[in-house]
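Quantities reported herein were computed from a predicted structural model and do not represent experimental measurements. Just so you know, these numbers use all the heavy atoms, side chains as well, and skip hydrogens, waters and symmetry mates.
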Protein chains: 2
Amino acid sequence: MADVAEIADVSMITVSRALRTPERVAPETRLRVEAAMAQVGYVPDLVAASLASRRSRVVAVVVPTIGSSIFSDTIEGMSDLLHGRGYQLIIGAGSYDKEGSESVITTLLGRRPDGLILTGSRHAKRARRMIEDARIPVVEMWELPPKPIDSAVGFSNRAAVRAIAAGLVEAGYRNVAFIGPSEGDARATQRRQGYADAMVRNGRTPIFIETPRPPSQMEHGAAAVARAAREHPEIDAACFTSDVLAIGALFQCQRLGWKVPGRFAIAGFGDFEIAAAATPALTTVSVPRYKIGEEAARLILGRIDGEIPAGQAVDLGFEVIWREST
Amino acid sequence: MADVAEIADVSMITVSRALRTPERVAPETRLRVEAAMAQVGYVPDLVAASLASRRSRVVAVVVPTIGSSIFSDTIEGMSDLLHGRGYQLIIGAGSYDKEGSESVITTLLGRRPDGLILTGSRHAKRARRMIEDARIPVVEMWELPPKPIDSAVGFSNRAAVRAIAAGLVEAGYRNVAFIGPSEGDARATQRRQGYADAMVRNGRTPIFIETPRPPSQMEHGAAAVARAAREHPEIDAACFTSDVLAIGALFQCQRLGWKVPGRFAIAGFGDFEIAAAATPALTTVSVPRYKIGEEAARLILGRIDGEIPAGQAVDLGFEVIWREST
DNA sequence: ATTCCTTATGTTAGCGGTATCATGCACTTT
DNA sequence: AAAGTGCATGATACCGCTAACATAAGGAAT
């Protein structure tokens with residue numbers, strides 16, 4: 001930066017201003033500075049800028065897993081919006097496992113992000129204390145926690161599965177099961193409750209078939225159907241906690257020669273690309289994955305700039321999409 | 001840190017050492033420092049540490065898109081290895097579009113990463129100059145460029161599709177087509193060439209069916225098959241540039257009532273989870289997605305630590321997996 | 001002409017750590 | 001006894017940039 005300043009015959013602070021607040025530099029000077037920057041190939045050091053300005057222009061986000069694609073649309077939504085506003089994203093994986101999340105959060109906070117976006121609300125006490133000590137805005141997403149740390153963006157997982165399960169009952173299915181993991185994911189647990197709500201309301205006995213801990217794989221869905229065929233032949237429909245499980249189940253039904261939905265109706269969750277593309281097309285809950293990311297980003301920026309008060313909760317809703325599989 | 005130092009009754013530099021090089025601090029002192037850190041809930045400022053030490057412990061990675069899940073396994077591989085070594089990942093999206101990549105690279109380099117991992121080799125001149133000026137190790141991945149910037153980790157996309165296409169010819173299919181995008185992705189282009197190689201060697205005329213620019217969607221595969229049905233009814237097999245397209249095609253065949261592989265044999269690329277789960281299970285090219293990430297991370301760390309010389313190229317190979325769809 | 005703005009630019013002092021060199025001390029070695 | 005060695009710790013000077021305040025010059029208001 002000193003080089004650029006010398007070439008443009010200005011002081012360093014003017015170079016800094018030409019970069020951060022160009023409107024406060026005379027147009028002619030700005031051109032000289034820009035020419036000098038281009039000449040030497042100057043790439044501003046954002047690390048130093050962060051330290052000096054106490055604003056890193058970084059937002060940290062914690063997702064349960066990067067490998068699974070569930071959150072990639074959400075991350076893309078955040079990323080698209082944040083980059084446009086000059087922010088960078090740093091991603092930490094690991095809240096499927098409570099222990100891990102603490103070390104992830106320490107590292108992320110070490111980078112002094114201006115905001116923090118979290119998935120999953122069950123954080124260890126120390127993690128929660130660190131987050132509070134950081135005194136930065138926090139947005140929780142993908143659910144609407146009863147006792148949010150700060151703000152939240154999501155929808156009711158429970159109401160969503162309640163709706164789709166009730167729909168199956170209304171459609172005339174006699175024995176509707178719930179297939180998904182029983183632990184390891186707060187959102188899956190809420191979905192389980194939504195299913196239970198619907199069964200209880202309709203005077204049915206819930207039937208739960210458990211799958212391994214998340215991240216869920218297609219194979220888990222296939223195995224669950226195989227088990228249902230042996231142990232619960234009466235089941236004629238099921239709500240899955242994810243399209244991934246549902247698609248695995250769908251293929252398994254094809255192998256078993258089961259008609260879908262004739263012999264076995266399948267309802268997924270997520271409305272991933274494959275849900276609409278499959279034959280039969282999958283009935284599922286459509287959730288605004290990309291929009292959750294965008295909205296979380298918008299909210300965190302609003303909080304950072306002080307334009308939005310703390311404690312906002314945004315319910316983006318869901319939509320049950322009835323297709324051929326039910 | 002000053003607080004911690006005072007409580008532990010040492011100087012700041014000793015706190016710093018207790019953190020970075022604990023073996024160089026007397027055990028008894030270290031315990032005092034650790035107790036003090038726990039007491040005040042000290043989270044070291046990695047931004048300041050980066051500036052002072054000129055090592056950010058950050059690795060930047062550029063992928064064509066975050067939303068698509070193709071690279072998420074690779075990112076997970078990198079992330080797993082890097083976090084274990086105390087490094088953080090910052091991700092930039094946007095080399096499907098050449099213009100975008102320059103601004104992405106500027107922002108990433110602004111964070112002063114210790115290393116850079118790139119996907120895709122066609123970079124604008126200015127981007128390439130910036131990368132060279134940054135004087136940090138670079139690893140390109142997912143292909144083996146003829147003229148790498150520094151190191152590379154990948155496999156031959158061309159040889160992979162050459163192998164699978166040749167296999168289809170050997171298996172007796174008469175009219176094998178290639179279905180994929182014709183531009184926008186260097187790797188897809190290399191795959192196209194591999195197909196062409198196989199056709200030419202076997203004295204066949206290549207048949208290309210184009211799909212929209214990446215990221216590819218299932219729908220594109222379905223539409224391509226619909227078009228093939230009308231315009232090239234003689235086609236009895238096809239190589240797709242991705243499992244995503246292939247699965248879309250598979251569902252489309254089910255809708256058309258086409259037997260797979262009887263009427264139309266399908267070969268994908270990538271060996272995603274769905275390839276094995278589908279019925280019929282998908283013949284495809286298995287590529288070490290996770291391992292590419294791990295190896296790229298290992299290579300970049302080796303380069304950073306000066307243990308590995310520049311210019312290494314690691315070919316992780318591929319494997320053609322013959323399943324039911326061909 | 002004096003005062004008061006406004007605009008463009010500069011000076012100084014950090015931001016929170018770490019590299020580097022220096023220091024003090026106990027223990028060998030000659 | 002003098003000198004050398006290794007270890008634990010400390011003092012100082014930055015790292016590259018920006019916040020905050022200072023300054024200068026020109027124009028408008030009085």
Next on the checklist: B:Ile149 vs B:Leu116, test: side chain to side chain contact (heavy atoms under 4.5 Å, CB included). Steps then yes/no.
Outcome noted: CA-CA 11 Å; B:Ile149 300 178; B:Leu116 182 61; over 6 Å; no

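- Here salt bridge (Lys or Arg N to Asp or Glu O under 4.0 Å) pairs that include residues 55-73 of chain B, with residues two or more places apart or in two chains, are B:Arg55-B:Asp305, B:Asp73-B:Arg289.
- Partners of A:Ala313 according to the side chain to side chain contact (heavy atoms under 4.5 Å, CB included) rule, which considers only residues two or more places apart in sequence or in another chain, do not exist here.
- At a non-hydrogen distance threshold of 4.0 Å, B:Met12, B:Ile13 from residues 6-15 of chain B come into contact with DNA chain C.
- In this structure a side-chain-to-backbone donor-acceptor pair under 3.5 Å is present from B:Arg112 to B:Leu109.
- Near DNA chain C, meaning a heavy atom under 4.0 Å from it, residues 35-61 of chain A has A:Leu51, A:Ala52, A:Arg54 in order of number.
- Computed from C1' positions of five pairs at each end, the angle between the two local axes of the helix from C:dA1-D:dT30 to C:dT30-D:dA1 equals 40°, rounded to 10 degrees.
- Between B:Glu23 atom CD and D:dT9 atom C1' the separation is 15 Å, expressed in whole Å.
- The closest donor-acceptor contact from the side chain of A:Asn157 to the backbone of A:Leu144 lies at 3.5 Å or more, if one exists at all.
- A salt bridge links A:Arg298 with A:Glu295: the closest approach of a Lys/Arg side-chain nitrogen to an acidic carboxylate oxygen falls below 4.0 angstrom.
- B:Arg30 places its CZ atom 14 Å from the C1' atom of D:dC7, with the value rounded to the nearest Å.
- Residue contacts shown for B:Arg20 are limited to sugar-phosphate atoms, with no base heavy atom under 4.0 Å away.
- Remark: the backbone N or O of A:Val62 is paired with a side-chain donor or acceptor of A:Thr119 at under 3.5 angstrom.
- The environment of CD in A:Glu6 is sparse: at most 12 heavy-atom neighbours from other residues, nucleotides or ligands sit within 6.0 Å.
- Nucleotide D:dC7 holds its P atom 9 Å from the CZ atom of B:Arg24, rounded to whole Å.
- A donor-acceptor pair is defined here as one N or O able to donate and one able to accept, closer than 3.5 Å; no such pair exists between the side chain of A:Ser16 and the backbone of A:Met12.
- A:Arg32 has no carboxylate O lying under 4.0 Å from a charged side-chain N of A:Asp9, or vice versa, which leaves the two without a salt bridge.
- Mapping heavy-atom proximity under 4.0 Å, the span of DNA chain C touched by chain B runs 5' to 3' from C:dG16 to C:dA19.
- At distances below 3.5 Å, not a single donor-acceptor pair connects side-chain atoms of B:Arg54 with backbone N or O atoms of B:Leu51.
- A side-chain contact (heavy atoms from CB on, under 4.5 Å) with B:Tyr42 is found for one member of B:Asp3, B:Leu19, B:Val33 and no other, namely B:Leu19.
- Side chains of B:Glu140 and B:Ser151 form no contact here, defined as non-hydrogen atoms less than 4.5 Å apart.
- A:Arg17 places its CZ atom 15 Å from the P atom of D:dC17, with the value rounded to the nearest Å.
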